[in-house]
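See below for the structure under consideration.
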Amino acid sequence: MVFLTNKNPCTETKVMIKSELFVLTYGALVAQLCKDYEKDEDVNTCLDRMGYAIGIRLIDDFLARSAVKRCRSYSETADMIAQVAFKMYLGVTPSVSCSSAAGNEFSLILDKNPLVDFVEELPAERASLCYCNLLCGVIRGALEIVHLAAEVTFLQDRLKGDAVTEIGITFLRKAEDRKHRRNK
Ligand code: MYR
């Protein structure tokens with residue numbers, strides 16, 4: 001997990017170590033869940049639930065540290081997730097595209113996914129595993145706290161041989177139905 005973009009060579013090394021430790025720890029978590037659960041679907045559900053529990057807490061940290069204003073549209077929210085949140089927590093900036101005429105479905109396309117830095121491919125018997133499903137839960141949980149109900153799933157995954165890694169976000173209510181939690 002990259003917390004800072006820091007050009008100081010001493011502290012930059014610390015950031016890299018933190019990042020590698022996080023990625024390796026995440027791998028160990030997925031490996032343990034694969035031992036605990038036979039079915040990929042159960043591992044996926046568990047990762048999503050864990051991510052949700054992280055997301056509902058992470059949002060306060062995100063709002064405090066980013067000091068971002070309230071988004072006026074789903075499009076702004078999707079951009080904020082990609083450009084501010086992913087950059088802040090994972091050090092990457094996915095590209096965003098809107099994939100529905102209604103303007104409530106978005107794709108985050110990741111050219112680089114630091115969570116899989118040490119993963120070459122999924123074992124054949126784990127073909128349905130969504131290795132990074134934790135991220136879907138994190139996004140869903142964070143959005144829920146700011147009163148944005150959403151479905152978040154992996155639509156494509158390089159680990160499964162797809163050309164890109166794509167996370168789909170579908171906002172479930174009409175934008176104008178959103179309750180006001182924040183004043184900014
Ligand atoms: C608002 O309009 O109130 C701001 C909405 C901000 C939503 C930010 C969601 C953050 C999701 C964190 C994802 C982290 C992935 C590594």
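In what follows, every heavy atom counts, from backbone to side chain, and hydrogens, waters and symmetry copies are set aside. Indexing begins at 1, ligand by ligand and atom by atom, following the structure's order.
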Practice task
Not counting sequence neighbours, which residues clear ring-ring contact (aromatic ring centres under 6.0 Å, His included) with Y52? List them please.
Solution key: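 None.
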Practice task
Treating Ile, Leu, Val, Met, Phe, Trp and Tyr as nodes and any side-chain heavy-atom pair under 4.5 angstrom as an edge, say whether I145 and V138 lie in one connected cluster.
Solution key: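 In one cluster with I145: V138, yes.
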Problem - ligand 1 versus M80: contacting region, heavy-atom distance under 4.0 Å - result: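 Within the 4.0 Å criterion, M80 contacts ligand 1 through side-chain atoms alone.
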Practice task
Would you mind telling me if ligand 1 is within reach of the side chain of A142, the backbone, both or neither, using heavy atoms under 4.0 Å?
Solution key: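 Near ligand 1, A142 shows its side chain, while the N, CA, C and O stay back.
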Practice task
Could you point out which residue of L129, D40, L47 forms a side-chain contact (heavy atoms from CB on, under 4.5 Å) with L33?
Solution key: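 Option passing the side-chain contact (heavy atoms from CB on, under 4.5 Å) with L33: L47.
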Handout entry: Atoms in ligand 1 with a heavy atom of C71 nearer than 4.0 Å
Key =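 Heavy-atom distances to C71 below 4.0 Å select 1 (C), 2 (O), 4 (C).
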Exercise for the section: Output all residues satisfying side-chain contact (heavy atoms from CB on, under 4.5 Å) with A53, sequence neighbours left out; order by chain, then residue number. Expected result: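 Residues passing side-chain contact (heavy atoms from CB on, under 4.5 Å) with A53: R57.
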Practice task
Would you indicate which of V146, I139, L134, L143 comes nearest to atom 13 (C) of ligand 1 when only heavy atoms are counted?
Solution key: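 The residue whose heavy atom sits nearest atom 13 (C) of ligand 1 is I139.
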